[in-house]
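In what follows, a structure is listed as structure tokens, so that the remarks can point back to it.
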Amino acid sequence: MRSMTAYGYAEFQNENYLMTMELKSYNNRYLEISYNAPSYLSSYENTVNEIIKTHAQRGHIDFSIKVKNIKGNVEVNLDEDAAEAYLQAIRKIRDKALQQGMNLEARLADVLDRDGVLTSVRTDGIEAYQAGLDQCMACVMEQFDASKAREGLVTQKDLTEMIDSIAASLENVKSHVAELDKMIKDNLTSRIHEMLGDQNYDENRILTEVAVMLNRYTINEEVVRLGAHIAEFRKLLKSTEAVGKRMDFLSQEMNREINTIGSKSQMVEINFEVVNMKDRLENIREQIRNIE
């Protein structure tokens, strides 16, 4: 069992650059990967996606790479047309100012600081950062897997305790099933006799009707199905595969059976166990939202 909440972080430094890589994973119904890195590392996104897909099946993952270049190849380009346009605009502003008796001095920075005049492009490709990418990725994914396993183990322990509590309550419910059936049968028989009074009636037909109504109000089928769901849930707890979705489905099925038992029950003892089972199941449903 593995958690969807996990974290990984790594650093790499050589004489040319300092690289940091970080991965954060959160709960999500499907696998979604958000990639954030410098533009010259944009081609690495496909590699990141493929690697993560082998380590996670669900979750929202924020993956980021930051690079501080200590030295490297940078090409600076001048857009002459943009520079000339800014110069003409500055001349016009200066002429207008002189007409108003104002003396404005144009500075070189007034042109160079404008958008698009100077652009810098790194001429070294992704190959220059490959050593850092490889080392950081290996470290981050190792931490990621360890974190998912560690959190998953804690959740597994909690889920085991809660499903055991539900199973214990179910056993208590089972111990009262025969008593509940007798109570329902006696109540139905008494009500029918009370309505018919001393009139002549077919005793066998009355008993047949009681049996039909008893089948409608008994909780035997719900108890059996709930027991089967608990057994299946315990199998999933021991599985090494992604079980979050199947656990969610089983939780819905268990909730249906527990609610039906509660609606049919006329015994305080059973109702008490129903409350306990619903409380534990609600905790289970909260926990499995974090299971991959």
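Starting from 1, each residue takes its place in the sequence as its number. Bear in mind the structure is a predicted one, so any value in this text is a computation, not a measurement.
Among Arg58, Lys245, Arg2, the single residue meeting the salt bridge (charged side-chain N to carboxylate O under 4.0 Å, His left out) criterion with Glu292 is Arg2.
Other residues, nucleotides and ligands contribute only 12 or fewer heavy atoms inside 6.0 Å of the CD atom of Glu142. By the 6.0 Å contact criterion, CZ on Arg29 is open, its count of non-hydrogen atoms from other residues, nucleotides or ligands being 12 or less. The number of heavy-atom neighbours closer than 6.0 Å to CZ of Phe249, taken from other residues, nucleotides and ligands shown, is 12 or below.
Both Ile163 and Ile291 are assigned to one and the same hydrophobic cluster, defined by single-linkage of ILVMFWY side chains at heavy-atom distances under 4.5 Å. A chain of hydrophobic side-chain contacts below 4.5 Å, direct or via other Ile, Leu, Val, Met, Phe, Trp or Tyr residues, connects Leu133 to Ile51.
Taking 4.0 Å as the cut-off between side-chain N and carboxylate O, Glu253 and Arg256 count as a salt-bridged pair.
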For Cys139 and Gln143, run side-chain contact (heavy atoms from CB on, under 4.5 Å): C-alpha distance rounded to whole Å, both residues' side-chain angles, the deciding distance at 0.1 Å, then the answer.
-> CA-CA 6 Å; Cys139 183; Gln143 293 180 28; 3.4 Å; yes

Residues Ser165, Arg280; criterion side-chain hydrogen bond (donor to acceptor under 3.5 Å, both in side chains); working and verdict = CA-CA 7 Å; Ser165 179; Arg280 293 294 183 269; 3.2 Å; yes

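The minimum heavy-atom distance linking His229 with Glu257 is given by the pair CD2-CG, 4.0 Å.
In this structure, Phe12 has its ring center at least 6.0 angstrom away from the ring center of Tyr129.
Side-chain atoms of Glu273 and Ser169 include a donor-acceptor pair closer than 3.5 Å. Lys278 and Asn255 share no donor-acceptor pair across their side chains, judged by distance under 3.5 Å alone.
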